[in-house]
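Remember, it's a predicted structure, so these values are computed and weren't measured experimentally. Chain identifiers are assigned alphabetically (A, B, ...) following the order of the sequence lines, protein sequences preceding nucleic acid strands; residue numbering begins at 1 within each chain.
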Amino acid sequence: MDLRQALNEEQYAAVTAPDGPLLVLAAAGTGKTRTLVYRMAHLVGRGVAPDRILLLTFTNRASREMLDRAQTAIHSGVAGLWGGTFHHMANRILRRHGRALGYESDFAILDRDDARTLVGESIRALELNTKEFPRKDVLQALFSRAANTEAAVEDLAVERFGNHAVDPDAVVAVYNRYTRRKRELGSMDFDDLLVNCLRLLTEHASVLDRYREKFMHVLVDEYQDTNTLQAQIVDLLAGGYRNLLVVGDDFQSIYGWRGADFRNIMSFPERYPDARVFKLETNYRSVPEVLEVANACIAGNPEQFQKALRPTREAYQRPRLARLRDGGEQARYVVDLIGELERSGYRRRDIAVLYRAHFHALELQLELTRAGIRHIVTSGVRFFEQRHIKDVCSVVKILMNPGDELAFARLLGLLKGVGPKTIAKLWTEFGGRFNAFDDKQRATLAGALRGEGRRQWMRIEPVLTAYLGDKTGRDGGEIFARFGNAFYDEYANNNFEDYERRMEDIRELSLHAGRYETLDAFLADVALLTNVDAETDVQRSQAEDAVHLSTIHQAKGLEWSVVILIWASEGMLPAPRTVREAEDGEAEERRLFYVTVTRAKDELCICAPEMRRTRDGGVMYMPLSRFVSEIPQHLFRRVRPGF
DNA sequence: GTTTCGGTTCTTTTT
DNA sequence: GAACCGAAAC
């Protein structure tokens, strides 16, 4: 492997840097992934065993991509290297050592939907479910924010609801109850994974020492999007050998609302005074005209590292700026544009349409369908959070973990004539554990049901007992098929319009589960794999030659020949709520615009409708997004579609 | 007493 | 859609 040949000067310096803390400031499109992959290869080449390396990434997709590429680059392979998201790593450590904090190794992970359910239950139990009191999803978001910023729930409640008629103490009461319920269920939500991992490393020196010793090298991708918990975890883990490499770009920090603090990357040199700093500024991705727009955009956020993206590509043409009448005209314009691009040689898979929020794309989806243009939407609903997926997973969950109240409730709730009351009564009667192997419990359950619900249950029961009977575990996917045949096929057919698609999902799930050695291992992953679908979207759009539709957030780390941004209008981008409520809202929204621009290799087209129908039937005029109008207009090519 | 159904309202971003 | 509420149906 010839590093000199594979890398430019900047990258080579970072890849071959000696041990010790390293900060790589990698602007968009400058070969950041490449640098990380080759650094891993370099370390292994120098004799570091792969299992002494920890690679922390922001998404599962990024982790997989890097490990795949490293595998190719290194002849001896990277088997044993720990790679994944912070949540994955925390999960792995906590399964092993969580007992020190009072958790069993088979603790359940609550996904967002589960967490919301528990919060809702707490609100109800405290009889706070009035019109004035915040809804469960609002409070769940607030609790999450508190965890990720290490703030007190009470402070956030005062800040958020102080001048409304909401009592902060009541919010705290809900929080306490929610926390207690989580403990009762022996479960953790996403945030607990991080919080508890940090606690474990802080309070249990033996655990900390073990991992400090293990991880001789720690590499962190997208460091600008780490929050305080994650930064502390990294500092602790790397605290022994101090071989810490962090890569990031403060200008692509777009997760502030989730507690990410780009000051982590700004202050890295202060926390590690001996850190070497490398800058990657040579951009290989985009044509100069696109980079000019990106550079002009940076100027809007003066308090950040000012850096310039240096182009390497030939001059091409300026990005288009299309001012359109309304969403309908925009949708038709995008369809026409795609046709035009296809005629000039682009494939559909080279094209992405990006937007701030999922609902911005609704109109366009209809128009694309009407025009027969294949497209793939990276949807807002995570694969494993969809109802039908959670329904069939509940069968496996209750089998593996008899104390999983949420799974029990979900499964029984599918039966005709069974509602919350019946479920609660049974659960109490069972003493908080349902063991499908227990004949008496099964008899009680069957006895409590009548009519159609009972008939349905009698068909489900053999699926459970058969599973426990033969203890297969190996062919994990089988149980989904059996449950489908016995009950869910019919249920789905009666309850879902898009029955076909959902059953297809379940077959897919069954295959996926079958790839795991045990169902336990599958379950441990399920909650964290919420994005399985989104991460295969890229491959799907490639394979099916489809236009890719995605939020800007989910486009992070990706690139396309052609990027079309829709709704670059005030009121849509920036999102008004962020500007209003978040401290650095406008700056972060500007970074979002920057991320959009820097995804484009050849063509960038910015669409900005002038009008939008309001709910009450009126019409709202929308100026051009401030992020577009603050940029020198001669950098754009104005287009006026002729209608 | 429970469940189910129908009408209404709102929709930022996600591990 | 999906979350919520109130009314109808079982």
Tell me whether the OP1 or OP2 atom of dT13(B) has a side-chain N or O from H358(A) closer than 4.0 Å.
yes
Among residues at least two apart in sequence or on other chains, which ones pass ring pair (Phe, Tyr, Trp, His ring centres under 6.0 Å) with H553(A)?
Y255(A), W257(A)
R626(A) vs E589(A), salt bridge (charged side-chain N to carboxylate O under 4.0 Å, His left out): CA-CA, chis, key distance, verdict
CA-CA 10 Å; R626(A) 66 191 76 174; E589(A) 295 284 313; over 6 Å; no
Whether R356(A) contacts dT13(B) is assessed here as follows: a side-chain N or O lying under 4.0 Å from the phosphate OP1 or OP2. Is that the case?
no
Check side chain to side chain donor-acceptor pair (under 3.5 Å) between K397(A) and all other residues, then give those that pass, not counting sequence neighbours.
none
Phosphate contact (dT14(B) OP1 or OP2) by T551(A) side-chain N/O below 4.0 Å:
yes
Protein-nucleic acid N or O pairs under 3.5 Å, nucleotides 4-10 of chain C:
| residue | atom | partner | partner atom | Å |
| --- | --- | --- | --- | --- |
| dC4(C) | OP2 | K136(A) | NZ | 3.2 |

Students often get this wrong, so: under 4.0 angstrom with heavy atoms, is F86(A) touching a base, only sugar-phosphate, or nothing?
nothing
Which residues share a side chain to side chain contact (heavy atoms under 4.5 Å, CB included) with R263(A), sequence neighbours left out:
D261(A), D584(A)
Who passes ring pair (Phe, Tyr, Trp, His ring centres under 6.0 Å) against F262(A), sequence neighbours left out?
none
Do the side-chain N or O atoms of Q554(A) get closer than 4.0 angstrom to the phosphate oxygens (OP1, OP2) of dT13(B)?
no
Are there more than 12 heavy atoms of other residues, nucleotides or ligands under 6.0 Å from atom NZ of K416(A)?
no
Mind listing the N/O atom pairs, protein and nucleotides 1-7 of chain B, below 3.5 Å?
| residue | atom | partner | partner atom | Å |
| --- | --- | --- | --- | --- |
| dT3(B) | OP1 | G419(A) | N | 2.4 |
| dT3(B) | OP1 | G419(A) | O | 3.0 |
| dT3(B) | OP1 | T422(A) | N | 3.3 |
| dT3(B) | OP1 | T422(A) | OG1 | 2.7 |
| dT3(B) | OP2 | P420(A) | N | 3.4 |
| dT3(B) | OP2 | K421(A) | N | 3.2 |
| dT3(B) | O5' | G419(A) | N | 3.4 |
| dT4(B) | OP1 | G417(A) | N | 2.6 |

